Amino acid sequence: MTIRYDDRVAIVTGAGAGLGRCHALLLGSRGAKVVVNDLGGAVDGTGGSSNAADKVVEEIRAAGGEAVANYDSVDTPESAANIVKTATDAFGKVDILVNNAGILRDKSFAKVSMADFEAVIRVHLMGSVYCTHAAWPIMGENGYGRIVMTTSASGLYGNFGQTNYAAAKLALVGFMNALKLEGQKNNIKINTIAPVATTRMTESLMPDEANKLLQPEFVSAMVAYFCSEQCEHTGDTVEAGAGHYAAVQIVEGAGVSFGTNTDVTPDMIHSRYAEIRDIGAAKPFVNSSDAVAKVLQAATAG
Ligand code: NAI
């Protein structure tokens, strides 16, 4: 079985460079009609040029694929709607949306300006929200959709100097967690990639030896799987890099229940805090109701 995207229309945001370019080339090489979106700015999001998106469109066409360029920013509702309009004007629909566009404004929290904090939230979080919101009714009407969010180990685990980026990136997981429930009835699957790859965004952070192993193509294979009809899963987060793929989940420990027939004091919490934070028997939940049910069950059992 070969996974292909014939008759599927894909939007990849931030596809003029790095990971997005690689995702777009892979989808295009397997039959998808691709909207290559990129405003062509610097890593911090300043500046802009149509060259970045145009070059990738040329690459896809040169390999025999179909693609059109879009130069809008993902970061306003109007420009995001225009990205989706580029797809419907050129190809009549949208089946696949890869929310990949991103910028960095790294500074320690003491030094970061609120303007830089908000710019990062706007591009990563709101950009993904705006593009998804514009594509959502089309996918709903067609009863088909594949959406990929792009998170980061910085958001999942933390990274010094990236409070803005970490907040934005983990927010995308929360966005997916709720959206996956709303997409279910229309066969819209939403999953999240946590990439590790050498791009202009990361190449200065790692030694040359590591950079050689972290080819973006390894990440694109996972993204392309999430974009396929064959992907029946929704709400998954997978870290991908250097040929390694692993699920990441938010889990809850077995916990401690004092019951409801006694007052719980901070001293009681202190004495059992090691058990409370133990995640040895942890498990994930498919939605928040299941997590609340566990709390109530523990209360009645205790
Ligand atoms: P990159 O800088 O090579 O590519 C990002 C692309 O997004 C650029 O072409 C840029 O022009 C475009 N872009 C930025 N703001 C935009 C906007 N408002 N509208 C449209 N396009 C915009 O960086 P890279 O590494 O390819 O990053 C891709 C995604 O992967 C980002 O969301 C990034 O945060 C994420 N990521 C990357 C990691 C890595 O190891 N490279 C690690 C974790 C996450």
Side-chain angles (χ1 to χ4, degrees), residues 11-26 35-57 69-84 86 97-106 116 118-131 134 148-159 162 164-173 192-206 210-211 213-220 222-223 237-242 244 248:
I11 296 172
V12 183
T13 69
L19 284 161
R21 169 182 167 271
C22 213
H23 304 337
L25 289 174
L26 181 54
V35 174
V36 175
N37 156 262
D38 207 297
L39 53 61
V43 174
D44 68 359
T46 55
S49 150
S50 55
N51 286 349
D54 284 343
K55 265 184 74 183
V56 176
V57 167
N70 170 284
Y71 318 115
D72 282 296
S73 173
V74 295
D75 76 349
T76 72
E78 296 75 25
S79 52
N82 205 43
I83 298 171
V84 172
T86 300
L97 170 64
V98 182
N99 287 306
N100 164 82
I103 61 168
L104 290 181
R105 303 267 174 103
D106 292 359
D116 279 351
E118 283 172 16
V120 167
I121 298 278
R122 204 166 50 242
V123 172
H124 289 276
L125 173 59
M126 296 316 297
S128 301
V129 170
Y130 296 144
C131 290
V148 180
M149 308 292 174
T150 306
T151 188
S152 166
S154 294
L156 296 168
Y157 307 116
N159 196 22
Q162 290 197 318
N164 48 4
Y165 183 72
K169 285 309 207 186
L170 195 56
L172 288 166
V173 178
T192 297
I193 189 82
V196 189
T198 303
T199 65
R200 67 177 190 172
M201 196 183 261
T202 56
E203 65 190 344
S204 60
L205 307 175
M206 256 157 326
N211 279 335
L213 305 175
L214 293 167
Q215 298 307 311
E217 284 78 5
F218 288 123
V219 177
S220 297
M222 189 70 230
V223 168
T237 300
V238 171
E239 182 160 62
H244 177 77
V248 178

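What you are looking at is a predicted structure, and each value in this text was computed from that prediction instead of being measured. In this chain, residues are counted from 1 in sequence order. As the structure lists them, so they are numbered: ligands from 1, and atoms in each ligand from 1.
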Q: Verify, without hydrogens or angle tests, whether Asn100 (side chain) and Gly14 (backbone) share a donor-acceptor contact under 3.5 angstrom.
A: yes

Q: Show the protein residues that qualify under the rule heavy atom under 4.0 Å from an atom of ligand 1, listing them in chain and number order.
A: Gly14, Ala17, Gly18, Leu19, Asn37, Asp38, Leu39, Gly40, Gly41, Asp72, Ser73, Val74, Asn100, Ala101, Gly102, Ile103, Val123, His124, Thr150, Thr151, Ser152, Tyr165, Lys169, Pro195, Val196, Ala197, Thr199, Arg200, Met201, Thr202

Q. Atom CD1 of Ile103 and atom NE2 of His124: how far apart are they, to the nearest 0.5 Å?
A. 6.0 Å

Q: Write down the atom of Val84, the atom of Ala134, and the distance for their closest heavy-atom approach.
A: CG2-CB, 3.5 Å

Q: Tell me, please, which residues at least two apart from Thr151 pass side-chain contact (heavy atoms from CB on, under 4.5 Å).
A: Leu156, Lys169, Val173, Thr192, Ala194, Thr237

Q. Shortest non-hydrogen contact from Cys131 to Val74?
A. SG-CG1, 3.7 Å

Q: State, without any angle test, whether Asn211 and Thr198 hold a side-chain donor-acceptor pair at a distance under 3.5 Å.
A: yes

